[in-house]
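Okay, structure first, notes after.
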2 protein chains.
Amino acid sequence: MVTLKQLAKELNVSISTVSKALNNSEEIGEDTVKRVKELAELYNYTPNKVALSLKQNKTRTIGVIIPNILNHFLAKVLFGIEKEATNLGYNIITCISNESLEKEKESLMLLANGSVDGFILSVAEETQIKNEIDHFKKTISRGLPIVMFDRVAHDVLCDKVIVDDFDATYNATKDLLLENRKNIAFVSNINDLSVGKLRERGYAKAILEDNSQAPLILNIKKKDDHQKKIKSFLKKNKMVDAIIAADSSSGIIAINTAVNLGFKVPKDMSVIGFASKADSNHSTPRLTTIRQHAKVIGANAAQMLIDRLQKMHLNEDVKTKIVRTSFIKSKSTLK
Amino acid sequence: MVTLKQLAKELNVSISTVSKALNNSEEIGEDTVKRVKELAELYNYTPNKVALSLKQNKTRTIGVIIPNILNHFLAKVLFGIEKEATNLGYNIITCISNESLEKEKESLMLLANGSVDGFILSVAEETQIKNEIDHFKKTISRGLPIVMFDRVAHDVLCDKVIVDDFDATYNATKDLLLENRKNIAFVSNINDLSVGKLRERGYAKAILEDNSQAPLILNIKKKDDHQKKIKSFLKKNKMVDAIIAADSSSGIIAINTAVNLGFKVPKDMSVIGFASKADSNHSTPRLTTIRQHAKVIGANAAQMLIDRLQKMHLNEDVKTKIVRTSFIKSKSTLK
DNA sequence: TTGAAAGCGCTAACAT
DNA sequence: ATGTTAGCGCTTTCAA
């Protein structure tokens, strides 16, 4: 990499002249500016980012901590973050907590050494189970703002971007009730997560309000055989005529399993699930889905963080933004 | 962030003494070391990463450029890269090229300003179509090594990690021939990519060697309705009794569509596809898959790059590592 | 055993 | 209009 020093030497001027010329300072003479710019162009000069960061005490880099990059929703949020951050002139350093509290802490510590200006993260499963929040608070008190999305720690005072999980599931369940379904089950693979619990509660509320049926819930663990669990559940609970799925796989598997067991979907069995467009292609008929607009969530998180960084209203009140889901009717439910 | 300067002031010693003490230099007296370390501990001192990078002219950061983070395979490679990089003490800055040549170039340029020590990337679709490689060569000549994985540019001299796409598809096709399949079709959603072409060739070779059937290929474009295309293909080509799918969705959709059309899988229709474990759960019966060990690919890429960075054998010969696929038999093929 | 000073690449206040 | 200098935080050589 060519430096200001080298340019200055070659041009027989001082370093600061070169610097000013490149930064279009009024102070420098026209022809000097021209000479400098030409040589800089020739040598493909770019200001050293590290030196700038050191000088200005900010990196224009955001630390992003994702619990699981293989989760399609989280990957899509990351996509949204990256895109928005790039647009606003920021880079992102990505860490994957792998749902582990320890790794989450480590990532936070490791990047809080000047590598990044702030964080965007979704809380790891283990962290939610153990309900630890000290590492977040410590990071914020060190002057590094955090924006949390989707899985948030409610007791940490910071900006948040969340989904209307409760309402979305409540409304979806209501829809099934309007289809006159008599035994609506709830299937989830994410019972440990805050969002999983919210979705379950939304479902339960709608069911309990109906007064004619009781909640029927199947919680599947990560290590379980997903297909088998759903199959035996359907065999055991023969009267089930509708399913709400809290995660993207359960809905798909439910449809495919039901079809295989001889149910007509949606006639005998109506299915709604949280899923992306790509997922919804994986069942026949296509899954009626609750879409989470992951990209929008990511973009919002990036905006909120960068906004805070630039204004450095660190004392300004924190905001919580709710990104509403969309309900996309397809062929796995009646219309 | 607390700095050496602040510690020095508080301890009434010089900055260099503090620095040496913290780095366990022999020069410094025992008690001084102790005093310094205690205060550093108290204040949670960590060396400023940016200052270190500037001083040492290396960042211990890798730029990763991924064409599409929503592709499960690529996401998994990223997972592997992140894990291995973290283990070896490196951070990763992630850019998403979104299959665009322009964005790929930009990312390369933007990070080649001292932000990273080298790159790991998979070539964007547009770049492969236009066959552009100048930006890669330029980056390497600026002293930033590149490791390419999966979709590589063969004419760029750099380390590479690839999959045995040709052999894997060839062997899988052979397997179907051994099942005595008479009309084996090839379905692909990734015809534009180098790996897509390799897979098609592996299939075609096996078919042509058989001498009793001709290649039958369905290329689906990104904008097509995936389900519809496969359905009409199966309706039009009624004699098809086996399918090789080049991408993860086509195999799943093929099975579900076939079942819906009344085929018995695997009796009437045998299906093999490149897919991950998670994907293979999305069909009933489960898809017999060619697994790509994405995590291993990522880990290998990280190792190769970091190895080169640390030895800085920049002139050393470049290596190409082939990570072999596994063939996982499931219920969508006969045994 | 400790400290002073230089330098990584850059900007900006302050000379000239 | 151009140059000198200091300083961001750190390591390291050289001097005391």
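Quantities reported herein were computed from a predicted structural model and do not represent experimental measurements. Numbered from 1 within each chain, the chains take letters A, B, ... in sequence-line order.
A donor-acceptor contact closer than 3.5 angstrom links the side chains of A:Glu10 and A:Tyr43.
We find that A:Glu99 and A:Arg151 are joined by a salt bridge, their nearest charged nitrogen and carboxylate oxygen being less than 4.0 Å apart.
Residue B:Thr17 places no side-chain N or O under 4.0 Å from the OP1 or OP2 atom of C:dT2.
Backbone-only engagement by A:Thr32 is indicated by non-hydrogen atom pairs under 4.0 Å involving sugar-phosphate atoms exclusively. Note on B:Val13: only backbone sugar-phosphate atoms sit closer than 4.0 angstrom, heavy atoms only; bases stay farther off.
Among the candidates A:Glu104, A:Glu132, A:Lys103, the single residue satisfying the side-chain hydrogen bond (donor to acceptor under 3.5 Å, both in side chains) test with A:Thr127 is A:Glu104. Exactly one of B:Glu106, B:His135, B:Gln128, B:Glu125 qualifies for a side chain to side chain contact (heavy atoms under 4.5 Å, CB included) with B:Leu101. That residue is B:His135.
For DNA chain D, the outermost nucleotides in 5' to 3' order that have an atom under 4.0 Å from a heavy atom of chain A are D:dA1 to D:dG9.
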Next on the checklist: Test side-chain contact (heavy atoms from CB on, under 4.5 Å) on A:Thr59 and B:Lys49; report intermediate values, then the result.
Outcome noted: CA-CA 11 Å; A:Thr59 59; B:Lys49 176 100 184 297; over 6 Å; no
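B:Ile162 approaches B:Asp150 most closely through the heavy-atom pair CG2-O, 4.2 Å.
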Which donor-acceptor pairs under 3.5 Å do side chains of residues 63-73 of chain B form with protein atoms, sequence neighbours excluded?
from	atom 1	to	atom 2	distance (Å)
B:Asn68	OD1	B:Leu70	N	2.8
B:Asn71	OD1	B:Phe73	N	2.8
B:Asn71	OD1	B:Leu74	N	3.1
B:His72	ND1	B:Ser276	OG	3.4

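In terms of modelled atom types and a separation under 3.5 Å, the side chain of B:Asn23 and the main chain of B:Ser25 share no donor-acceptor contact.
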Next on the checklist: Does the protein touch nucleotides 9-16 of chain C at the base, only the backbone, or not at all? Give it as B, S and - per nucleotide, heavy atoms under 4.0 Å.
Outcome noted: BBBBBB--
